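Accompanying notes for the structure given below.
All ligand and atom numbering here is 1-based and tracks the order in the structure. None of the values given here were measured: they were computed from a predicted structure.
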Amino acid sequence: MELFEAIKTRRSIRHYKTDLVPEELVQKVLEAARWAPSWSNRQRSRYLVIRDKGKRKKLADSLRPGNSAAVALTEAPVAIVVCAEPGKAGYTAGDKVTGGSDWKTSTTNKGNLYLFDAGLAMQNLVLAAHALGLGTVFVGAFQVNNVAEAIDLPEGMEMIAMTPLGYPSEGGRTPSRKELSELVFNEQ
Ligand SMILES: Cc1cc2nc3c(=O)[nH]c(=O)nc-3n(C[C@H](O)[C@H](O)[C@H](O)COP(=O)(O)O)c2cc1C
């Protein structure tokens, strides 16, 4: 699939067939994530692949009530969770080198470059999945405490986002986008 077509036709998929995803395709989408840019090429994002049904159910249960992506995590045969350790991207030898308040988060005060890196990697991953005929949906709203033990999350590591990965059982609606004229400014 041509890149621009993939960008435009990728949709958030919230219903899946239970058909298994060949391991080769799982590796391909992870490979796409691996080649994402990252701050100073530090490559701090980590990808947890979960196939176990019980663990996927725990992931689904960690979503806030009413989150329409919850069922997707139990239907699709694979879930991928992107994780990272705050205080690594944007730091050299323990010192924050990016400066400025733009990269700070109020909760950790350790900067949020790791979130930016993870977002770039996940965008690569979801586009590659789409090009391979697979569906995904970013899930950003979940209760980490409810699932950290089930996935043996190491101390200091944060779960940032997750996605189911599988064959879509429906196309997904196309939410509109703002016009470029609302989004783009020239010179000022
Ligand atoms: C950071 C982030 C978090 C998201 N979290 C959720 C989520 O928790 N549940 C869900 O159903 N969709 C979630 N989405 C998907 C968005 O709702 C979706 O991308 C948006 O409505 C545009 O639709 P499209 O992806 O089909 O173009 C998330 C998207 C992003 C980028």
Cut-off 3.5 Å, side chains only: do Thr136 and His130 have a donor facing an acceptor? no
Where on Val139 is there a heavy atom closer than 4.0 Å to ligand 1, on the side chain, on the backbone, on both, or on neither? both
Closest to atom 16 (C) of ligand 1 (heavy atoms only, candidates Arg14, Arg177, Arg11) is Arg14
Nearest non-hydrogen protein atom, atom 28 (C) of ligand 1: Phe138 O, 3.4 Å
Any side-chain donor-acceptor pair under 3.5 Å between Glu158 and Tyr114? yes
Flag the pair Glu75 and Arg56 as a salt bridge only when some basic side-chain nitrogen lies within less than 4.0 angstrom of an acidic carboxylate oxygen. no
Ligand 1 atoms in contact with Ser68 (distance to a heavy atom under 4.0 Å): 11 (O)
Tell me whether Val137 has any N or O atom under 3.5 angstrom from an N or O of ligand 1. no
Run the numbers on Glu31 and Gln27 for side-chain hydrogen bond (donor to acceptor under 3.5 Å, both in side chains), then give the verdict. CA-CA 6 Å; Glu31 184 68 4; Gln27 291 303 313; over 6 Å; no
Any non-hydrogen protein atom below 4.0 Å of atom 30 (C) of ligand 1? yes
Which ligand 1 atoms are under 4.0 Å away from a heavy-atom of Pro175? 22 (C), 23 (O), 26 (O)
Non-hydrogen side-chain atoms of Leu134 and Leu25 separated by less than 4.5 Å: yes
Drop me the distance from Leu20's CG to Tyr167's OH, to the nearest 0.5 angstrom. 9.5 Å
Out of curiosity, is Arg10 lining ligand 1, as in a heavy atom under 4.0 Å away? yes
Using a 4.0 Å cut-off to any heavy atom of Ala69, which atoms of ligand 1 qualify? 9 (N), 10 (C), 11 (O)
Cluster overlap Phe138 with Val49, hydrophobic side-chain contacts below 4.5 Å: yes
Can you report which non-hydrogen protein atom sits closest to atom 5 (N) of ligand 1, along with the distance? Gly140 N, 3.0 Å
Counting only heavy atoms not in Glu2, do more than 12 fall under 6.0 Å of its CD? yes
Protein heavy atoms near atom 20 (C) of ligand 1, is at least one of them under 4.0 angstrom away? no
Considering only heavy atoms of Asn67, which atoms of ligand 1 have at least one such atom less than 4.0 Å away? 7 (C), 8 (O), 9 (N), 10 (C), 11 (O)
So which bit of Ser12 gets within less than 4.0 Å of ligand 1, heavy atoms only: side chain, backbone, both or neither? both
So if you build clusters from Ile, Leu, Val, Met, Phe, Trp, Tyr with side-chain heavy-atom gaps below 4.5 Å, do Val139 and Val21 land together? no
